[in-house]
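Remarks on the structure that follows.
Atoms within each ligand, like the ligands themselves, are counted from 1 in listed order. Counting begins at 1 with the first residue of the sequence. When reading the values below, keep in mind they use all heavy atoms of this one structure, side chains included, and skip hydrogens, waters and symmetry mates.
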Amino acid sequence: MAERTLAIIKPDAVKKKAAGKIIQRIEEEGFTISALKMLHITKEEAEGFYAVHKDKPFFNSVTDFMSSGPIIVMILEGESAINHWRRVMGKTDPAMAEPGTLRHSYGFDIQFNGMHGSDAPETATFEIGYFFKDE
Ligand code: ATP
Ligand code: MG
């Protein structure tokens, strides 16, 4: 079933100039990029985005990280896009991610892991609305 997911190239991957290679992989995987923008979110916006993690020990540090520099947010469209994109990213911790996944190639550690993907249809709807209010 055609589906939409929110993908983010995180500040670490933008900083290390991996964005082009990540977008190339997205296209090679057959996704349609139906929206894309670069922005630098505030700490408060990062807290709103990661609100589901507000009670986790890493909440403060991950929201500092996500607001530390420019990010690229995209709506990806395709067959089972949510799971497809999560497979291409690989496991949250790059040390556990399979060779060939983007986090294996471009992630540094469990926090500085290069990119984000929605994890379910409900979170995809929330996250797309969070960054693309007009769409
Ligand atoms: P994302 O939601 O960014 O796609 P994910 O779904 O694989 O990643 P989550 O459990 O939702 O992982 O965690 C959200 C983000 O918080 C992670 O991608 C990572 O940047 C950071 N994070 C997760 N676990 C830890 C941890 N133990 N220590 C530090 N940062 C963490
Ligand atoms: Mg997640």
Please list all pairs passing the ring-ring contact (aromatic ring centres under 6.0 Å, His included) test where one or both residues lie in residues 63-98, with sequence neighbours left out.
F31-H84, F65-F112

Can you list the residues that meet the salt bridge (charged side-chain N to carboxylate O under 4.0 Å, His left out) rule with K15, with sequence neighbours excluded?
none

Every residue of the protein that comes under 4.0 Å of ligand 1, judged on heavy atoms:
K10, Y50, H53, F58, V62, R86, T92, R103, I110, Q111, N113, H116, G117

If we only count heavy atoms from C-beta on, is the Y106 to D12 side-chain gap below 4.5 Å?
no

Checking F126 now: which residues fulfil ring pair (Phe, Tyr, Trp, His ring centres under 6.0 Å) with it, not counting sequence neighbours?
Y130

Please say yes or no: joined through hydrophobic side-chain contacts below 4.5 Å, possibly via intermediate residues, are I8 and M74 part of one cluster?
no

Can E77 and S34 be counted as having a side-chain donor-acceptor contact under 3.5 angstrom?
yes

